[in-house]
Amino acid sequence: MMNTIEYRVDCQLLQHLHSENKLSNRFPIGLEEQIQKWDPDKIRRFHERWYYPANATLYLVGEIDDIPRAMREIEAVFEHTLSENEGNSVPGGSPFGAMASLFAPKLPGGFAANLSGEKSPVTNKIKPVKRERQAVRPPVEHKWSLPGFAQDAKPPAIFQHELIQSFSINMFCKIPVSKVQTYKDLRSVLMKRIFLSALHFRINTRYKSSNPPFTSVELDHSDSGREGCTVTTLTVTAEPQNWRSAIKVAVHEVRRLKEFGVTMGEMTRYMDALIKDSEQLAMMIDSVPSVDNLDFIMESDALGHTVMDQLQGHESLLAVAETVTLEEVNTVGAEVLEFISDFGKPNAPLPAAIVACVPKKVHVDGVGETDFEIYPDEITEAIKSGLGEPIYPEPELEVPKELITQSELDELKSQHKPSFVPLTKEDNVVKVFDTETGIAQRRLSNGISINYKITQNEARVGVMRLIVGGGRATEDSESKGSVIVGVRTLSEGGCVGNFSREQVELFCVNNLINCSLESNEEFIFMEFRFALRDNGMRAAFQLLHMVLEHNVWLEDAFDRATQLYLSYYRSIPKSLERSTAHKLMLAMLNHDERFVEPSPHSLQKLTLQSVKDAVMNQFVGGNMEVSIVGDFTEEEVESCVLDYLGTVRAASSPNTEEHIEKISFRPFPSDLHFQQVYIKDTDERACAYIAGPAPNRWGFASEGNDLFNVIQRSGADEISEPVNLDLTGKKHIDVRSHPLFFGITLSLLAEIINSRLFTTVRDSMGLTYDVSFELNLFDKLDLGWYVIAVTSTPSKVHKAVDACKGVLRGLHSSRIVERELDRAKRTLLMKHEAETKTNAYWLGLLAHLQSSSVPRKDVSCIKELTTLYESATIEDLYLAYEHLKVDDSSLFACIGIAGAESGEDMNDDEVDMDLHGMAPMGGRGLSTMTRPTT
C-alpha cells in the first residue's frame, strides 16, 4: 500500500538523480521479494554488523538542569553496555558461527586474519578489542554538476503513467555539501537565501496576476545528509496542454535573475525579512519542541555543520549581515542557477538529471480523453527556447509601509465611532474575563464578536482567526460549488483596495505575516500569523480590515479557481483512495454535492458575480467571530480591535434567515450501501472505507433529535452526581449533563476503537498495512459521521472490511475494560497538555465561544476539558456508542481495487456515472495517502 503513484514518482526521481550510485535503487521499504527471502539469521547478522554502541551517536535534548550529572549517568549506563557488547572480538562465542567473519568490521593490524570459524590456540590469551565506528562501505560516489566536470549530458527522462494527472518536470543539480563552520560559510548561505527568495516571489506572485501557464514553479536548494550531497531542484507543474509554455516561463525567469541579479530593494527587503525571522526564532528559543531541536542537531551533525542554538544563530547572522553587498549576493546566487541558465553551453554545469512525470492520457474539451505524447528532444527544445527569449531587468516595486494611513483611520473612526457593547441583550456586561483560562470576550458595536487570550507560548508572536458562519452548507442546488470556488477566487486575486497582489505579498513579507483563506462545510476561515515587532499586529489587522471592506474580485482569478477545481475533479479517477472515498460519500449523503468537490456541470453554471455573492453574503457583522492569541498586551489587542475591526461597516444580510437545504443520510434499503471501485494500475493495491452516521459534537443528530433529551429519559432512574472530589482529591463532574458529553465520550471511543482495530485487524489477523477510525463531528450542522480507512491487498481487503465491521460492532460482546479507558484518557490528556503550549491550539479552543449557531459552547467547555476526560466512565462511553449507527441499515462501505485486470468490464457510461462529483472534501480526514519515511 506504500506503492502509491506519489511514491512511484519519488522513486523515479531518485533513480535518475542518483543513477550513478546505489541510492538509485535502495529505497526505504525494500522490494517484496527481498523481504520474503530474509530469514532470522540474516537479520541477526545485519544487526550485529551495524547495530553496536561504537557505531551509534547518542543525542540528548531537553530541559537538563544538571549537565555534569547527566554525563555521569550516561557514562555509567553505556560503559556497562560497552564492556558487555564490545569485548567479543573473536567469533568463538558468536551464535552465528563461521558466517560472522564475513560481516565483522575490518580491524587494525593483522588481527582480522584470525577471524574465522576455527579457534586459534592463542584465542583465549588475546584481550578483547573494542570495535571501532563502522566505515561507510561502499562509499556513495556522485557525479557532480560542476563547471568543466567531464561527463556526458543525459537526455531528459520521461516517466509516463496512467495514474498521473498533471505534467511536472524536475531539473536537478548535485554538488558537494559546503559545511557551514565559519562566518564566511554563513554569509554564503544568507546570500543564497536572499537570491532564491527573490526568484520565488517573482515567479509565483507576478505570474499569478496574469493567468500563468504553470500551476507552480519552485526552486529548492538544500543539503541532504541522507544522500550526502547538496541538491538544487527546479520543479515546474502545469496542466499537460501547457507544458511547453510552463517550462519556457520558468527557465526564462531563472536566466533573467541570473543575468541581472536582484535589485537593491529586493536585497534589502529579503535581508530584513530573514533577520526578522531569525530574531523571532531566537526569542522563541525556550518554546521550541525538543524533537524539533533534535532533528536540527542530528541533520547538522550529519552534514558537518557547526551546531548553534537559535540565539547563537541569530547573533552570528547579525554579525555577517552588515558585511553583505549586492554584488556578492548576485555573484553567489548566479552560481546556484548556472545549471539552468547556461543549459546547453559548452562549459556549463550539467544537470544531474531532468525528469518529466506525465500522464498517459489527457482531457481535451470537445474531444474527451486522448493520448498524451511527449519526447525528450521536445523538452530540451522547450528549455532552450525559453532561455533564448529576450530578458529585461527587474523594475523596483513600491512596497506600502501601511495599508491604512493614520488620516484614513481617523476618518473611519469618526464615521463609525467604534465601541465595545454588552455581549448579550440581557445584561450590561461589556467584557467577560475568565481568570482560570485567561480568556477575554468582547463584542463590537457592528456585531463582530471578539475572543482573545494573552500567552507567552511563542515570544512576541500572535495568531488570529476570523470565522464566518455558513460555509458550503449554504449552497443550494443551483449554486453548487459557489462558496468553495468563491473563497479560492478571493485568495487567487490577492488584491485589496488599490494595492496589487505583488504589493500585498511584499507587505506581508516585510511584516512577517502569513495569511490563508479557506472554507469548509460550515464556515469560512481567514487565518493570520504575525510577529509583534515593528507594529506587526497592526499590519495584520489592517490587512484583515482591507479584505473585509475593500476586497477585489477579478475575472482571471475566478478562471484560475474554476480551472483548479476542474483539474481536481478530473484527477479523482486516477487516485484509488479518492475514487473509493467519493463513492462512499455520495452514497452515504444521498448525492449531496456540498460534501464533495464540485462537478464540471456545476462549475459551468458559476459566474464571478454568483460566487462573490455566495461568499460576501456571509460576511455580516453578527455572523463573524475573531479570535486572537499571542504575546501581546490587553491595550495592544483592544486598540487594534477597535481601530480596524470596529470600523468595519455593520452590514446587514439581505436574507436575515440563513437557508440551508436539508442534509440527510441515504435511507435503507439501497444497493449503494456496499460498493466497489476498480482502477487499472500496473501494481496491485486495495483500500476500503466504512462509514456511518454519528451525532454532531453538541449532541444533535441528523433526524433533528436533541440526544440530551434521549439521555435524560434513559437515565431518569439514575442519580446524577454533582461536582465532587474522589479519594485522590481529583475533581469529578457529571459528564452526562455537560454540553461536551458527546465530544468527550466519542473522542475516547475513537481512541479505543482505533487501538482495537490496530491490534485485531493488523497485528492479530495480518489483513492490513494500516487501519484507522476517525470521527467527523460538526459544530453547526446537525450531523456527523465516522470513517474507518483500511489499506490491504486485493486478496485480503474483503476479509479486512469484515474484520473492521466486527471490531466496530463488537463493543457489546467484548466490553470495554478500565485499562482501555485509562489508556485512551492518558493519550488524549497528554495530547491536550502538549498542544496547550501552542497558540494555534488555543485558537481552536476559542472558536465559536460567542457563535449563535453553536449555542452550547461556553468557557466551561475549555476550562473543564481535563476534568471531563478524567470523569468519563465506561457507562458514559456506551451511552454515546448507542448513537453511533453501526447496523447494516446505517453502515456504508466501499472497496477500491487497483491492478492490471481491474475495471476491464466497466463501460464508459458506468465510469461517467460513478465519477459524478465524487471527491471527498479536503480537511475532513478522508485521505489515507500514506507517505514513506525516507
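When reading the values below, keep in mind they use all heavy atoms of this one structure, side chains included, and skip hydrogens, waters and symmetry mates.
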Side chain to side chain, Val859 and Leu849, heavy atoms closer than 4.5 Å = yes
Minimal heavy-atom distance between Ala540 and Phe528, with the atoms involved, is O-CE2, 4.0 Å
Report yes if some heavy atom in the side chain of His142 is under 4.5 Å from a heavy atom in the side chain of His18; otherwise report no.
-> yes
Side chain to side chain, His738 and Ser860, heavy atoms closer than 4.5 Å | yes
Crowded around His200 NE2? As in, over 12 foreign heavy atoms under 6.0 Å?
-> no
Audit row: Ile744, Leu865, side chain to side chain contact (heavy atoms under 4.5 Å, CB included) steps and yes/no = CA-CA 8 Å; Ile744 293 293; Leu865 196 60; 3.6 Å; yes
Distance-only polar pair, side chains of Asp220 and Thr235, donor-acceptor under 3.5 Å | no
Validation row: His305, Val177 side chains within 4.5 angstrom (heavy atoms) | yes
For the residue pair Ser290 and Val61, what are the closest heavy atoms and their distance?
-> O-CG1, 3.6 Å
Please confirm whether the backbone N or O of Gly743 pairs with a side-chain atom of Arg697, one donor and one acceptor, at under 3.5 Å?
-> no
Give the C-alpha distance, both sets of side-chain angles, the deciding distance and a yes or no for side chain to side chain contact (heavy atoms under 4.5 Å, CB included) between Arg762 and Leu757.
-> CA-CA 7 Å; Arg762 173 180 162 134; Leu757 284 170; over 6 Å; no
Of the non-hydrogen atoms in Leu846 and Lys857, which two are nearest, and what is the gap between them?
-> C-NZ, 4.4 Å
May I ask you to decide if Ile752's main-chain N or O and Ser755's side chain share a donor-acceptor pair within less than 3.5 Å?
-> no
When every non-hydrogen atom of Met526 is compared with those of Cys515, the smallest separation belongs to CE-SG, 3.4 Å
Presence of salt bridge, Lys174 and Glu227, under 4.0 angstrom = no
Within the distance-only criterion (no hydrogens, no angle test), does the side chain of Arg465 pair as donor or acceptor with the backbone N or O of Val626 below 3.5 angstrom?
-> no
May I ask you to decide if Phe773's main-chain N or O and Asn754's side chain share a donor-acceptor pair within less than 3.5 Å?
-> yes
Counting N and O atoms only, with roles assigned by atom type, does the side chain of Gln280 sit under 3.5 Å from a partner on the main chain of Ala459, one being a donor and the other an acceptor?
-> yes
Quick one: pull up CG in Asn21 and SG in Cys229 and give me the separation to the nearest 0.5 Å.
-> 8.5 Å
Separation of Leu748 CG from Ile816 CD1 (nearest 0.5 Å) = 9.0 Å
Could you tell me whether the side chain of Met283 reaches within less than 4.5 Å of the side chain of Asp631, counting heavy atoms only?
-> no
Taking the side chain as every heavy atom from C-beta outward, state whether Leu58 and Phe78 have any pair of such atoms under 4.5 Å apart.
-> yes
Would Leu740 and Glu864 count as a side chain to side chain contact (heavy atoms under 4.5 Å, CB included) if you check the C-alpha gap in whole Å, the side-chain angles of each, and the deciding distance to 0.1 Å?
-> CA-CA 10 Å; Leu740 257 186; Glu864 294 174 358; over 6 Å; no
Can you tell me how far the CD1 atom of Ile862 sits from the NZ atom of Lys453, to the nearest 0.5 Å?
-> 9.0 Å
Charged N to carboxylate O below 4.0 Å: is that the case for Lys831 and Glu751?
-> no
Are any of the side-chain nitrogens in Asp272 or Lys276 under 4.0 Å away from the carboxylate oxygens of its partner?
-> yes
Is Thr768 reaching over with its side chain to a backbone N or O of Thr791, donor-acceptor style, under 3.5 angstrom?
-> yes
Just checking, is any N or O donor in the side chain of Ser188 or Asp185 under 3.5 Å from an acceptor N or O on the other one?
-> no
Please indicate whether Arg460 has more than 12 foreign heavy atoms, meaning atoms of other residues, nucleotides or ligands, lying under 6.0 Å from its CZ.
-> yes
Is the side chain of Ser871 donor-acceptor paired with the backbone N or O of Leu868 at a distance under 3.5 Å, no angle test?
-> no
Side-chain heavy-atom pair Val463, Glu527 within 4.5 angstrom cut-off | no
Rounded distance (nearest 0.5 Å) linking atom CD1 of Ile467 with atom CD of Glu625 | 5.5 Å
Charged N to carboxylate O below 4.0 Å: is that the case for Glu73 and Arg69?
-> yes
Which heavy atom of Met191 sits nearest a heavy atom of Val332, and at what distance?
-> CE-CG2, 3.7 Å
Over 12 foreign heavy atoms within 6.0 Å of CZ, Phe433 | yes
Tyr452 versus Glu634: any side-chain heavy-atom pair under 4.5 Å?
-> yes
Is a donor on one side and an acceptor on the other found under 3.5 Å between the side chain of Ser278 and the backbone of Leu274?
-> no
Side-chain donor/acceptor of Gln312 to backbone N/O of Asp309, under 3.5 Å = yes
Can you find a side-chain donor-acceptor pair between Gln441 and Asp434 that sits under 3.5 Å?
-> no
Show the numbers, then the answer: is there a side chain to side chain contact (heavy atoms under 4.5 Å, CB included) between Ile67 and Met71?
-> CA-CA 6 Å; Ile67 293 177; Met71 293 292 292; 4.2 Å; yes
CH2-CZ distance between Trp38 and Phe46, expressed to the nearest 0.5 angstrom | 8.5 Å
Tightest non-hydrogen contact, residues Met271 and Ala321, listed as CE-O, 3.6 Å
Can a donor-acceptor pair be found between the side chains of Asn457 and Tyr841 at a distance below 3.5 Å?
-> no
Over 12 non-hydrogen atoms of neighbours within 6.0 angstrom of CD in Glu518 = no
Rounded to the nearest 0.5 Å, what separation is found between the OH atom of Tyr786 and the CG atom of Asn776?
-> 12.0 Å
Is Asn511 reaching over with its side chain to a backbone N or O of Ile513, donor-acceptor style, under 3.5 angstrom?
-> no
Might you confirm whether atom CD1 of Ile43 has over 12 heavy atoms from other residues, nucleotides or ligands at distances under 6.0 Å?
-> yes
Which is it for Thr873 and Asp876 under the side chain to side chain donor-acceptor pair (under 3.5 Å) test, yes or no, and what are the steps along the way?
-> CA-CA 5 Å; Thr873 65; Asp876 292 330; 3.1 Å; yes
